[in-house]
Amino acid sequence: MSHATRDTVAGALAKDRLGIASVLFFVSSAAAPLTVVGAGVIIAFAVIGIIGIPVAYLAVAVVLALFAVGFVTMSRHIVNAGAFYTYVTHGLGRPSGVATAMVALLAYNAMQIGLYGGVGVILDQFMSDHYGWPFAWWAYALLVWAFVAVLGLLRVDVNGRVLAVLLLSEVAIVLVYDAVMISNPAEGQVSFAALAPQHIVTAGFGAALVTAITGFVGFEGTVVYSEETKDPRRTVRRATYIAVAATGLLYALSAWAMSVATGPERIVDAAREHDTDLIFHLVSPHLGSSLVTMGQVLIVTSLIAALLAFHHTVARYAFALGRERVLPAVFSRTNPRTGAPKVGSLAQSALAATVIIGVAAISDDPIVHLFFWGTVSGGAGVLILMTVTSIGVLGFFIRDRRDESLWRARIAPLIAALALVGILAATVADFDALLGVDPDSPLRWAFLGAYGVAALIGVVWAMVLRATKPNRYDKIGLGANVNTGQRATADTVAQTA
């Protein structure tokens with residue numbers, strides 16, 4: 001392969017592969033809607049102890065919709081698979097951008113690798129109960145790992161089709177379950193008490209917001225795939241808004257449906273009694289066993305879809321950083337046949353396998369020590385990213401509105417930033433409870449402190465690049481146009497597609 005060909009392969013991802021539907025499948029799969037409904041919603045009822053969980057999901061959807069206004073507006077001016085870190089770079093400066101990149105790599109890896117603990121245990125339990133195949137959780141986790149590792153190297157549109165089947169199946173079963181619960185209300189009467197707006201001012205609603213926001217992690221990935229879309233300007237905007245709206249409505253509907261089936265005054269006790277079996281307990285008297293079993297299978301595939309979606313996100317972040325030489329240049333290598341970020345994908349797979357094997361060797365509780373801690377800490381990291389990015393978007397448009405409306409360039413990003421700062425403050429204050437550890441446990445600060453260390457490493461590395469390799473430093477955030485020195489925009493990406 002000639003030097004010119006290598007530069008071409010390293011300079012960009014495969015173009016013109018994804019439409020709105022494909023991007024939507026990627027980002028919605030990362031949210032793992034059936035897993036959120038079948039576990040996250042129930043845990044929120046049980047742990048927080050309030051009935052206003054549906055309102056919390058709707059409130060978070062509104063906040064993220066406001067965040068999306070500035071987010072997708074900036075996507076028209078900046079196109080880069082690095083997404084958050086690129087926006088912060090152009091809004092707050094290169095040191096802040098590189099710090100954000102390090103936080104992003106840590107957060108998305110924590111989310112992705114943490115999910116292996118959940119899928120390993122759930123798949124082991126399902127196969128043992130239905131087929132009498134009780135293997136170790138890590139054996140099933142590594143089986144799923146191999147599947148994700150292989151798909152991570154294939155064409156991104158092939159992965160989109162796989163995710164489409166999985167996502168549509170799990171959404172369909174959730175809607176069937178919701179319809180069954182609503183049509184069989186407690187004491188024969190449908191109650192709307194869980195949807196009352198006054199829940200916003202009840203004690204514990206802040207913790208409900210913190211729990212709810214983790215169910216939306218992944219929607220911001222629309223920008224990660226911007227370089228591979230057929231029309232970045234239109235695709236990113238529509239996919240982002242659809243993902244936020246559809247996800248928020250589905251979660252709120254499902255949480256409300258559970259309260260209808262149990263009665264709002266009993267939903268908290270029912271969640272504590274039945275734990276993550278609650279939704280199956282509520283629908284099984286009214287459905288055939290095949291539909292209940294299908295839901296249990298789809299929880300597994302929901303986790304697998306989320307694993308695949310987060311794998312792609314991590315690989316593309318590494319690619320973007322390698323292309324701009326923030327990470328070693330080898331990370332910018334793509335598969336010449338599929339256009340997938342080959343080295344980033346392989347590196348993520350290697351790290352995941354190492355962690356799975358390590359946890360299996362030292363812990364007998366992968367649900368807590370891998371799944372729960374990984375996803376909670378990863379969700380906190382993504383919340384940090386969204387908060388900083390919202391501030392970065394505001395900073396970008398304060399310097400130059402670029403003919404954007406005052407609402408899109410200033411007002412919406414400011415409101416979103418203030419709301420996200422508030423949710424982040426509540427997260428930090430209650431992080432011990434979210435982790436399930438004592439208030440004086442060092443783990444309360446260890447996970448959050450890791451993000452501080454990652455950010456510090458990013459700032460120091462940016463300073464080193466500025467002092468020793470100024471040409472490389474100047475190219476941080478330029479994306480696909482790193483070799484030309486011009487920032488990639490939605491229009492320039494569309495023209496080269």
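Values below: every heavy atom of this structure, side chains too, minus hydrogens, waters and symmetry copies.
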Asker: State the CG-CG distance between Leu424 and Leu383, to the nearest 0.5 angstrom.
Answerer: 5.0 Å
Asker: Within a reach of under 6.0 Å around CD of Gln189, are more than 12 heavy atoms found that belong to other residues, nucleotides or ligands?
Answerer: no
Asker: Anything under 30° is parallel, anything over 60° is perpendicular, the rest tilted; go ahead and classify Phe397 against His77.
Answerer: perpendicular
Asker: Tell me if a side-chain donor or acceptor on Tyr451 pairs with a main-chain N or O of Ser377 at a distance below 3.5 Å.
Answerer: yes
Asker: Could you check if a side-chain atom of Asp438 sits within less than 4.5 angstrom of a side-chain atom of Asp432, using non-hydrogen atoms only?
Answerer: no
Asker: Does atom CH2 of Trp138 have more than 12 heavy-atom neighbours from other groups under 6.0 Å away?
Answerer: no
Asker: Is the backbone N or O of Leu385 less than 3.5 Å from a side-chain atom of Thr389, with the two atoms forming a donor-acceptor pair by type?
Answerer: yes
Asker: Do Thr100 and Tyr87 have side-chain heavy atoms sitting under 4.5 Å apart?
Answerer: no
Asker: So which atom in Ser254 and which in Val174 form the shortest heavy-atom distance, rounded to 0.1 Å?
Answerer: OG-CG1, 3.3 Å
Asker: Working note: Trp445 + Val428, criterion side-chain contact (heavy atoms from CB on, under 4.5 Å); need CA distance, chi angles, decisive distance, verdict.
Answerer: CA-CA 9 Å; Trp445 301 110; Val428 173; 3.8 Å; yes
Asker: Is the backbone N or O of Val69 less than 3.5 Å from a side-chain atom of Arg408, with the two atoms forming a donor-acceptor pair by type?
Answerer: no
Asker: From Leu66 CG over to Ile411 CD1, what is the distance, rounded to the nearest 0.5 angstrom?
Answerer: 11.0 Å
Asker: Say you draw a straight line from OG1 of Thr86 to CE of Met74; how long is it, rounded to the nearest 0.5 Å?
Answerer: 8.5 Å
Asker: Any non-hydrogen side-chain atom of Leu209 less than 4.5 Å from a side-chain atom of Ile213?
Answerer: no
Asker: Test Ile182 against Leu253 for side-chain contact (heavy atoms from CB on, under 4.5 Å), laying out the working first.
Answerer: CA-CA 10 Å; Ile182 294 170; Leu253 172 65; 4.0 Å; yes
Asker: Drop me the distance from Met258's CE to His274's NE2, to the nearest 0.5 angstrom.
Answerer: 12.5 Å
Asker: Look at the aromatic rings of Phe216 and Tyr57 and report parallel, tilted or perpendicular, splitting at 30° and 60°.
Answerer: tilted
Asker: In this structure, which one of Ile48, Val210, Ile200 forms a side-chain contact (heavy atoms from CB on, under 4.5 Å) with Phe205?
Answerer: Ile200
Asker: Do we see a donor-acceptor contact under 3.5 Å between the side chains of Glu404 and Thr73?
Answerer: no
Asker: Taking all atoms of both residues into account, what is the closest heavy-atom pair of Ala194 and Ser259, and its distance?
Answerer: CB-OG, 3.5 Å
Asker: Quick one: does Ser345's side chain get under 4.5 Å of His311's, heavy atoms only?
Answerer: yes
Asker: For Gly378 versus Ala110, what's the shortest heavy-atom pair and its separation?
Answerer: CA-CB, 3.9 Å
Asker: When you compare the side chain of Leu443 with that of Phe447, does any pair of heavy atoms fall below 4.5 Å?
Answerer: yes
Asker: Does Asp124 use its side chain to pair, donor to acceptor, with the backbone of Phe135 at less than 3.5 Å?
Answerer: yes
Asker: In Å and rounded to the nearest 0.5 Å, what is the CE to CG distance from Met294 to Leu287?
Answerer: 10.5 Å
Asker: Mind listing the closest non-hydrogen atom pair of Thr262 and Ala270 along with its distance?
Answerer: CG2-CB, 3.9 Å
Asker: Would you confirm whether Ser390, through its side chain, and Met386, through its main-chain N or O, come within 3.5 Å as a donor-acceptor pair?
Answerer: no
Asker: Kindly state whether the ring of Phe192 and the ring of Trp256 have centres lying under 6.0 angstrom apart.
Answerer: yes
Asker: Any side-chain heavy atom of Val148 sitting closer than 4.5 Å to one from Gln112?
Answerer: yes
Asker: Between Ile53 and Ala208, which heavy-atom pair has the shortest distance, and what is it?
Answerer: CD1-CB, 4.0 Å
Asker: Donor-acceptor check, side chain of Arg444 to backbone of Ala429, threshold 3.5 angstrom: yes or no?
Answerer: yes
Asker: Assess the residue pair Gln348 and Ile113 against the criterion (side-chain contact (heavy atoms from CB on, under 4.5 Å)); give the C-alpha distance rounded to whole Å, side-chain angles, the decisive distance to 0.1 Å, and a yes or no.
Answerer: CA-CA 9 Å; Gln348 205 287 323; Ile113 297 173; 3.8 Å; yes
Asker: Are any side-chain N or O atoms of Thr313 and backbone N or O atoms of Ala309, one a donor and one an acceptor, separated by less than 3.5 Å?
Answerer: yes
Asker: Below 4.5 Å, heavy atoms only, C-beta onward: do Leu434 and Thr211 meet side chain to side chain?
Answerer: yes
Asker: Within a strict 4.5 Å, meaning less than it, do heavy atoms of the Asn109 and Tyr317 side chains meet?
Answerer: no
Asker: Please give me the minimum heavy-atom distance between Ala305 and Leu166, naming the atom from each residue.
Answerer: CB-CD1, 4.0 Å
Asker: Hey, what do you get for CG (Leu34) to OG (Ser169), rounding to the nearest 0.5 Å?
Answerer: 10.5 Å
Asker: Using a 6.0 Å cut-off, check whether atom CD of Gln125 has over 12 heavy atoms from anything other than its own residue.
Answerer: no
Asker: So does Val244 get a backbone contact from the side chain of Thr247, meaning a donor-acceptor N/O pair under 3.5 Å?
Answerer: no
Asker: Could you give me the CA-CA distance, side-chain angles and deciding distance for Glu273 and His281, then say whether side-chain contact (heavy atoms from CB on, under 4.5 Å) is met?
Answerer: CA-CA 11 Å; Glu273 178 183 354; His281 170 77; over 6 Å; no
Asker: Do the ring centers of Phe84 and Phe71 come within less than 6.0 Å of each other?
Answerer: yes
